[in-house]
Number of protein chains: 2
Amino acid sequence: MIRLSKLADYGVVLMTRMASRPEGVHNTMDLSLLTGLPTPTVSKVLSKLGRHDLLRSVRGAKGGYKLARSPQNISIADIISAIEGPIALTQCMEHTLGCCDIEPLCPSRYGWQVINDTVRRSLESVSLAEISTQVQLFANRRPGTSASATPVATGELTNG
Amino acid sequence: MIRLSKLADYGVVLMTRMASRPEGVHNTMDLSLLTGLPTPTVSKVLSKLGRHDLLRSVRGAKGGYKLARSPQNISIADIISAIEGPIALTQCMEHTLGCCDIEPLCPSRYGWQVINDTVRRSLESVSLAEISTQVQLFANRRPGTSASATPVATGELTNG
DNA sequence: TTTTAATCAGACCAATTTGGTCCGCTTTAA
DNA sequence: TTAAAGCGGACCAAATTGGTCTGATTAAAA
């Protein structure tokens, strides 16, 4: 399987959660309870998303984070690259041209470029809004406020 | 960045190399020299590709591996999933429905499914043939037979 | 028939990466 | 002024990865 780091996974999950109340301010503690993820980890992810202008932080008491733009204008690629850096399947693709010694000879580079572009474009095509509407179908009986007892809602912490 | 394991990276590189002589039999030693990858590693990757019917092994002296089908009929998704298992960005997506306790409640699953399908489809759309024609442009002055001194040709072993 | 060149499989080990925890600091509403 | 929140970095443990080694098997060539 192609590995997405857990942090990036969490990022998508948290953003999805926040998109269910796009105008609200969400704090770390609540999100931690809702998702079952450890509080400091949630905090770390959120602050990264904040630094990349996907979230806006509200400091002080009653603070938290709110979406910086509407879910329609946030793509999955935005979220992933905020946390993991530029989307690329291999290392040499992370940089732009001109940094690799053997580059003019490297017979793989151009192939990888094709592959990476394809994947990146596909992730750019999926918006947070699309995903969170899917979620609504399953969340709408619980009006999505705070602390539910049911833990764990990531794509990660599950197994067969 | 989305991480592809090195082995999968190598898989793509090796297949690309072999696609430049689609009918030929390629042995581990030659491919190792051509790519700069350690021989046992090449061997491990090739045998995995063989077990998934992308390569056909020819044992004994003068043996090696040859492509099991034409490059047009091999997708990047085939290669990656042969080495890494089913293409999925998160663990719970590796299985088919019905294996996760909280599944009926999991608000993320359906979002991930959308994302994964998008990525998988994009990788299925790129064939080995497309990539190796790109390679030809850069390899055609060296008629692509055996051992060149220039090492390292993966998308991985390079940095900035 | 013997030798040699190749695949094949699996065990083992080392090192990198990852992610979780903890700490103390800053900010602001009540 | 206090308490509740974000902020950021240092540190550590553990899981994953990938490279190495060994030996068995196969088949062509001498």
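Every chain is numbered from 1, with letters handed out A, B, ... down the list of sequences. If you're wondering where the values come from, they're calculated on a predicted model, not measured in any experiment.
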Under 4.0 Å protein heavy-atom contact, by nucleotide of nucleotides 23-30 of chain C - B base, S sugar-phosphate only: ---BBBS-
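- Remark: A/S5 is in phosphate contact with C/dG19, judged by side-chain N or O atoms under 4.0 Å from OP1 or OP2.
- Distance CG (A/N27) to P (D/dA3): 18 Å, rounded to an integer number of Å.
- Within the structure, every side-chain polar atom (N or O) of A/R3 is placed at least 4.0 Å from both OP1 and OP2 of C/dT18.
- Rounded to an integer number of Å, the gap from B/R56 CZ to C/dT7 P is 16 Å.
- Atom NZ in B/K6 sits roughly 10 Å away from atom C1' in D/dG19 (whole-Å rounding).
- Residue B/G64 is classed as a sugar-phosphate contact, given heavy-atom separations below 4.0 Å to backbone atoms only.
- Not one side-chain nitrogen or oxygen of B/Y10 sits closer than 4.0 Å to the OP1 or OP2 atom of D/dT17.
- Annotation: side-chain hydrogen bond (donor to acceptor under 3.5 Å, both in side chains) contacts of A/S57 (sequence neighbours excluded): none.
- Contact check, B/S47 against C/dT7: no side-chain N or O comes under 4.0 Å of OP1 or OP2.
- Of the two residues contacting DNA chain D, namely B/T39 and A/V58, the nearest-nucleotide position lying further toward the 5' end is that of A/V58.
- A salt bridge links B/D117 with B/R120; the closest basic N to acidic carboxylate O contact falls under 4.0 Å.
- Exactly one residue among B/I131, B/L128, B/I76 makes a side-chain contact (heavy atoms from CB on, under 4.5 Å) with B/M15. That residue is B/L128.
- Considering A/V25, A/V13, A/L31 as possible partners of A/M18, the one that fulfils the side-chain contact (heavy atoms from CB on, under 4.5 Å) test is A/L31.
- Between B/T41 and D/dG19, a side-chain N or O to OP1/OP2 separation shorter than 4.0 Å is present.
- Regarding B/K48, its NZ atom lies at a distance of 11 Å from the C1' atom of D/dT17, rounded to whole Å.
- With sequence neighbours excluded, no residue satisfies salt bridge (Lys or Arg N to Asp or Glu O under 4.0 Å) with A/R56.
- Atom pair B/L46:CG and C/dA9:C1' shows a separation of 14 Å (rounding to whole Å applied).
- B/S70 OG to B/E23 CD: the interatomic distance, rounded to the nearest 0.5 Å, is 9.0 Å.
- Residue pairs meeting the side chain to side chain donor-acceptor pair (under 3.5 Å) criterion with at least one partner in residues 43-54 of chain A, sequence neighbours excluded, are A/S47-A/R51.
- For B/T28 and C/dA6, the shortest distance from a side-chain N or O to OP1 or OP2 is not below 4.0 Å.
- For the pair A/L123/B/T118, no side-chain contact is recorded, criterion being any heavy-atom separation below 4.5 Å from C-beta on.
- The nearest whole Å value for the distance from the CG atom in B/D30 to the P atom in C/dA6 is 8 Å.
- In this view, A/S81 and A/I87 satisfy the side chain to side chain contact (heavy atoms under 4.5 Å, CB included) rule, not counting sequence neighbours.
- When heavy atoms are screened at a 4.0 angstrom cut-off, B/P40 is found touching base atoms of the nucleic acid.
- Distance check: B/I83 CD1 to B/L46 CG gives 8.5 Å after rounding to the nearest 0.5 Å.
- Protein atom CG of A/D9 is 14 Å distant from nucleotide atom C1' of C/dT18, rounded to whole Å.
- The distance between atom CG of B/L33 and atom C1' of C/dA6, rounded to the nearest whole Å, is 15 Å.
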Secondary-structure string, 5' to 3', Watson-Crick or G-U under 3.5 Å, | for another-strand partners, for DNA chain D: ||||||||||||||||||||||||||||||
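- Contact of B/K44 with D/dG19 (side chain to base): a donor-acceptor pair of N or O atoms is detected under 3.5 Å.
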